[in-house]
Protein chains: 2
Amino acid sequence: MKSFHEYKNPSLAVDLVVFGYHDNTLSVLLLNRKEEPFKDCWTLPGGFLQMEETFLGTCSRILQTKLGMDQVFLEQLYSFDAPDRDPRGRVIAVGYYALINPAKFNVVAGNMANDVKWFNVRKLPALGFDHKHIFKQALQRLRSKIQYYPVGFELLDELFTITELHELYECILETTIDRRNFRRKILDAAYVINTGLKREGLKNRHPELYRFNKQLKKNSFQINVPTES
Amino acid sequence: MKSFHEYKNPSLAVDLVVFGYHDNTLSVLLLNRKEEPFKDCWTLPGGFLQMEETFLGTCSRILQTKLGMDQVFLEQLYSFDAPDRDPRGRVIAVGYYALINPAKFNVVAGNMANDVKWFNVRKLPALGFDHKHIFKQALQRLRSKIQYYPVGFELLDELFTITELHELYECILETTIDRRNFRRKILDAAYVINTGLKREGLKNRHPELYRFNKQLKKNSFQINVPTES
DNA sequence: TCTCTTTGCGTCATTTTAACGTGAAGTAAA
DNA sequence: TTTACTTCACGTTAAAATGACGCAAAGAGA
């Protein structure tokens with residue numbers, strides 16, 4: 001009998017869907033590949049799992065070396081197993097998605113990529129591998145998660161106005177939400193804490209600045225979106 | 001440079017949390033191992049992913065050869081990567097959960113197991129590997145999913161009464177739900193279709209039999225559970 | 001016929017939601 | 001200073017959903 005690790009195993013990759021929000025636009029970070037397969041094509045950043053590494057370890061390594069960022073919100077998405085998803089052979093991909101505030105990082109292309117760029121999620125180029133599929137699933141997860149779980153603040157500055165949070169929700173959910181009802185729900189749920197500070201330098205009334213309430217009890221709010229049917 | 005598949009990769013296993021419902025009890029199928037590691041211990045049924053296999057392919061193979069069942073509801077749960085989760089070495093596990101109607105299958109222990117048995121989810125023995133952890137996550141998923149998505153009927157006969165469905169929900173969610181409000185919600189959401197038939201041979205009033213409405217539009221109902229806090 | 005249990009339908013007070021009104025705060029131009 | 005304009009913060013109201021019950025019909029057995 002062969003010893004345990006001498007059987008041939010599929011390779012294991014981690015692929016990242018990195019979301020960023022800026023200028024009222026939700027974007028995804030894509031990387032232009034320098035090598036085959038999919039040379040000169042846009043793909044999600046990713047990398048192979050090292051023998052001693054955890055998934056989050058691989059995520060951090062990718063984020064640091066390929067994109068120059070660290071300490072971000074990460075969540076496992078799904079594992080993808082289509083036998084033909086990688087032309088090099090059998091590669092299983094574990095998808096993760098990250099939420100980052102682009103203002104905090106200066107994205108750099110590691111030496112493995114021609115280029116790294118933010119793309120509006122509504123205007124994506126063709127993607128290599130099955131990355132369009134992974135991306136779509138990540139976007140769907142983000143959309144459903146933000147409706148009942150406070151992830152929005154990961155994409156904003158530490159201090160933000162209710163209006164900014166409202167715009168974020170409208171942008172991600174691609175819908176309109178009544179401004180006044182939104183404010184009431186967010187405040188009733190104690191999603192945010194009023195800092196007493198105000199955002200200065202705007203041409204109209206200066207709105208109050210809030211911070212995320214870290215003591216928020218989970219599932220305490222529910223933003224509804226009109227169902228299309 | 002080494003060719004692509006000569007790098008050493010972690011092994012990839014698929015582990016199954018098979019739920020069954022019978023006699024007002026939610027159970028999980030466990031397997032008593034015949035070999036090391038965890039010889040004579042209870043574990044989730046599982047198996048290694050073959051090079052050409054999909055996850056669902058592995059699931060079917062396990063269900064058929066180890067348990068003698070096929071054609072069941074399966075959903076991917078999560079992938080588990082703790083470096084020490086398997087004493088034989090680095091093994092990544094992809095967790096799936098299955099919902100089956102025990103009345104439809106006669107569970108058999110394949111030749112790899114001492115025994116296969118249903119265990120009440122509230123009275124589980126110690127489990128090998130990190131299988132307790134996988135199980136807990138599966139139970140949590142089932143509980144949250146059943147509140148907004150029609151999965152309950154996978155565990156029942158094709159024809160069932162509202163009372164039977166109600167008991168299933170109370171059993172899985174470990175709570176009491178008002179019988180009359182439950183009925184109203186299920187009917188308003190068009191979760192089920194009245195067949196006009198009645199369940200005969202009961203000692204009291206003969207309830208109407210329903211079947212699941214396969215045209216149900218998703219997210220059309222929401223069973224609430226009192227939040228403990 | 002009477003009793004007992006389950007089933008199916010209904011009522012009602014309370015809470016939640018969606019839709020929208022309005023005055024205060026602030027800037028800029030008259 | 002006054003006026004005009006915009007955004008912000010807080011209300012109001014009608015409709016819908018929810019939770020907590022009431023009750024009579026159906027069926028079995030005494």
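Lettering follows sequence order; numbering is per chain, from 1.
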Answer with yes or no whether [X] presents, from its side chain, a donor or acceptor under 3.5 Å of a partner atom in the base of [N].
X: B/R180; N: D/dG22; result: yes
X: B/R205; N: C/dT7; result: yes
X: B/N204; N: D/dA26; result: no

Phosphate-side-chain proximity, A/K203 and C/dA28, N/O vs OP1/OP2 below 4.0 Å
no
[options]: which one has an atom nearest the side-chain heavy atoms of [X]?
X: B/R184; options: C/dT17, D/dT7, D/dA20; value: D/dA20
X: B/H206; options: D/dA20, C/dT17, D/dA28; value: D/dA28
X: A/R179; options: D/dA20, C/dA18, D/dC8; value: D/dC8

May I have the distance from [X] (atom [atom1]) to [N] (atom [atom2]), rounded to whole angstrom?
X: A/I186; N: C/dT17; atom1: CD1; atom2: C1'; result: 15 Å
X: B/R183; N: D/dA20; atom1: CZ; atom2: P; result: 18 Å
X: B/L187; N: C/dG10; atom1: CG; atom2: C1'; result: 14 Å
X: B/Q222; N: C/dT16; atom1: CD; atom2: P; result: 14 Å
X: A/I177; N: C/dA19; atom1: CD1; atom2: C1'; result: 15 Å
X: A/F160; N: D/dC8; atom1: CZ; atom2: C1'; result: 16 Å
X: A/N181; N: D/dA9; atom1: CG; atom2: C1'; result: 13 Å
X: A/E200; N: D/dC8; atom1: CD; atom2: C1'; result: 14 Å

For A/Y191 and A/F212, I'd like to know if the aromatic rings sit close, meaning centre-to-centre distance below 6.0 Å.
yes
Please confirm whether the ring centroid of A/Y78 lies under 6.0 Å from the ring centroid of A/F80.
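Yes; A/F80 has its ring centre under 6.0 Å from that of A/Y78.
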Would you say the side-chain atoms of B/N32 and B/D115 include a donor-acceptor pair closer than 3.5 Å?
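No donor-acceptor contact under 3.5 Å links the two side chains.
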With no hydrogens and no angle check, just 3.5 Å: does a side-chain donor-acceptor pair link A/Q222 and A/Y148?
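No.
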Specify the residue among A/L202 and B/L202 whose closest nucleotide of DNA chain C lies further upstream toward the 5′ end.
B/L202
When you match B/K198 and B/N224 each to their closest nucleotide on DNA chain D, which lands nearer the 5' end?
B/N224
A/R199 with A/D157: basic N within carboxylate O range, under 4.0 Å
no
Considering every strand and a 4.0 Å limit on heavy-atom distances, what is the contact class for B/T161: base, sugar-phosphate, or nothing?
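Nothing, no nucleic acid heavy atom in range.
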